[in-house]
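Numbered from 1 within each chain, the chains take letters A, B, ... in sequence-line order. This one's a predicted model, so the numbers in the text were calculated from it and none came from an experiment.
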There are 2 protein chains.
Amino acid sequence: MFSKACEYGIKASIYIALQSIQGERVSLKKIAREINSPEAFTAKVLLQLAKIDIIKSSKGPSGGFEISKDKIDTIMLADIVFAIDGNSIYEGCALGFDTCNATKPCPIHDKFVNVREELKKMLLNTSLYELATGLEVGLTFLKQRKS
Amino acid sequence: MFSKACEYGIKASIYIALQSIQGERVSLKKIAREINSPEAFTAKVLLQLAKIDIIKSSKGPSGGFEISKDKIDTIMLADIVFAIDGNSIYEGCALGFDTCNATKPCPIHDKFVNVREELKKMLLNTSLYELATGLEVGLTFLKQRKS
DNA sequence: TCTATTTCGGACAAAATTATCTTTATTTAA
DNA sequence: TTAAATAAAGATAATTTTGTCCGAAATAGA
Ligand code: SF4
Ligand code: SF4
């Protein structure tokens with residue numbers, strides 16, 4: 001569904017959001033530990049998000065990542081997915097044509113667009129805020145429980 | 001969404017189904033040309049489908065691939081996707097955990113399962129037959145029009 | 001039987017994705 | 001001003017996916 005990069009991006013963003021709500025800035029190291037992701041690879045992803053101002057980064061001791069409090073509820077899952085995986089989710093087709101051609105559609109077009117629209121709607125309507133708060137109250141988790 | 005292998009598998013199956021409805025067996029070469037896919041790679045995919053009896057193959061001159069007429073309307077998109085991409089579509093998660101954990105879900109679980117169910121339903125309910133007939137009457141296409 | 005045609009099977013190659021390592025730049029605070 | 005901490009940047013490596021090549025096996029027909 002999403003690339004690994006995107007998965008890490010989403011998880012990291014949710015974690016950073018939660019910490020930011022609580023007024024904390026978090027280091028790459030802590031993020032990677034918390035979402036169980038490879039540190040250096042996660043750094044690349046975060047850099048991408050930082051470049052388009054979805055997250056803020058600062059170097060030096062006590063540096064790390066954060067998200068402006070006033071942005072947390074306006075940043076949507078769609079923004080993160082788009083930043084990392086591009087518009088493949090929106091435009092990409094089950095049968096992988098370059099450009100979708102609704103007037104001369106591929107055989108599964110009619111069946112497929114519904115699903116795609118559903119996904120799109122979900123991504124567009126889900127804010128980082130609501131995801132982070134689920135975490136906060138302990139309803140949801142970012143790591144699999146240890147076995 | 002799907003792997004390239006799966007895309008080719010779907011397209012090829014639809015094309016073979018259409019030809020089979022019309023009583024024709026088709027060669028790999030023709031399939032690859034018709035769905036615009038790499039020949040040898042497509043062969044691997046078709047082999048996978050042949051091994052689990054979704055399609056039939058025969059060697060030698062006038063050999064090729066076909067699908068039993070009586071199977072065409074019972075083979076679902078889900079069968080093909082499952083054969084090639086496995087159950088990742090059904091079990092795979094947005095955040096990529098090994099095993100889904102609905103009791104302790106990841107933050108986007110509630111949002112995500114709807115979409116996944118929608119996709120699942122679509123795959124399970126779409127038969128090769130209806131896809132092929134759309135092609136037949138010229139409503140849908142397997143190749144992008146030439147530019 | 002012989003030949004041409006076609007799928008099958010395995011090895012190989014290229015490309016894309018994911019991951020690591022090392023160095024550099026920046027910032028904080030002692 | 002120095003040292004430590006941290007992200008940024010770039011080189012490199014590993015893995016997975018995608019794609020190619022070639023010989024083997026099977027089959028139909030001459
Ligand atoms: S015609 Fe529809 S389903 Fe097919 S590739 Fe285009 S958008 Fe996707
Ligand atoms: S909790 Fe739900 S959304 Fe999250 S990984 Fe599991 S099935 Fe997917």
Q: If I take atom NZ in residue A:Lys56 and atom P in nucleotide C:dT27, what distance separates them, rounded to the nearest angstrom?
A: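 To the nearest whole Å, that distance equals 14 Å.
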Q: Assign each of A:Ser3 and A:Ser62 to its nearest nucleotide of DNA chain C by heavy atoms, then name whichever residue's nucleotide is nearer the 5' end.
A: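 On the 5' side of the pair lies A:Ser3.
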Q: Charged N to carboxylate O below 4.0 Å: is that the case for A:Arg33 and A:Glu39?
A: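 A salt bridge is absent here (no side-chain N lies under 4.0 Å from a carboxylate O).
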Q: How are the rings of A:Phe2 and B:Phe112 set to each other: parallel, tilted or perpendicular (split at 30° and 60°)?
A: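 Geometry flag for B:Phe112 against A:Phe2: tilted rings.
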Q: Counting any heavy atom closer than 4.0 Å, what does B:Lys30 reach on the DNA or RNA strands: base, sugar-phosphate only, or nothing?
A: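 Nothing, no heavy atom under 4.0 Å.
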Q: From C-beta outward on B:Pro38, which listed nucleotide comes closest to its side chain: D:dT20, C:dT18, C:dT20?
A: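 That would be D:dT20.
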Q: What's the closest nucleotide to the side chain of A:Lys44 if the choices are D:dA28, C:dT20, D:dT20?
A: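 So the side chain of A:Lys44 is nearest to C:dT20.
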Q: Under 4.0 Å between a side-chain nitrogen and a carboxylate oxygen: does that hold for A:Glu34 and A:Lys11?
A: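 Looking at A:Glu34 and A:Lys11, the cut-off is not met.
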Q: Nearest to the side chain of A:Lys51, which nucleotide is it out of C:dT20, D:dA7, D:dA9?
A: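 It is D:dA9.
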Q: Side chain of A:Leu28: nearest nucleotide among D:dA7, C:dC8, D:dT18?
A: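 Among D:dA7, C:dC8, D:dT18, the one nearest the side chain of A:Leu28 is D:dA7.
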Q: Grab the CD-C1' distance between A:Glu39 and D:dA7 for me, whole Å please.
A: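 Result: 11 Å.
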Q: Select one nucleotide: of C:dT28, C:dA19, D:dA25, the one nearest the side-chain heavy atoms of B:Lys59.
A: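 So the nucleotide nearest the side chain must be D:dA25.
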Q: Quick check for you: among C:dC8, C:dT18, D:dA8, whose closest atom lies nearest to any side-chain atom of A:Lys4?
A: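 So the side chain of A:Lys4 is nearest to C:dT18.
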Q: Tell me the interatomic distance from B:Ile84, atom CD1, to D:dT17, atom P, rounded to whole angstroms.
A: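 To the nearest whole Å, that distance equals 14 Å.
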Q: Working to the nearest 0.5 Å, report the span between CE of B:Met76 and CD of B:Glu130.
A: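 Going from the CE atom of B:Met76 to the CD atom of B:Glu130 covers 7.5 Å.
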Q: Can you measure A:Phe2 atom CZ to C:dT17 atom C1' for me and round it to whole angstrom units?
A: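 Answer to the nearest Å: 17 Å.
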Q: Which of the following nucleotides, C:dT20, C:dT28, C:dT5, is nearest to the side chain of B:Pro61?
A: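 For the B:Pro61 side chain, the nearest candidate turns out to be C:dT5.
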Q: Mind checking if B:Ala40 touches a base, just sugar-phosphate, or nothing, with heavy atoms under 4.0 Å?
A: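 Base contact.
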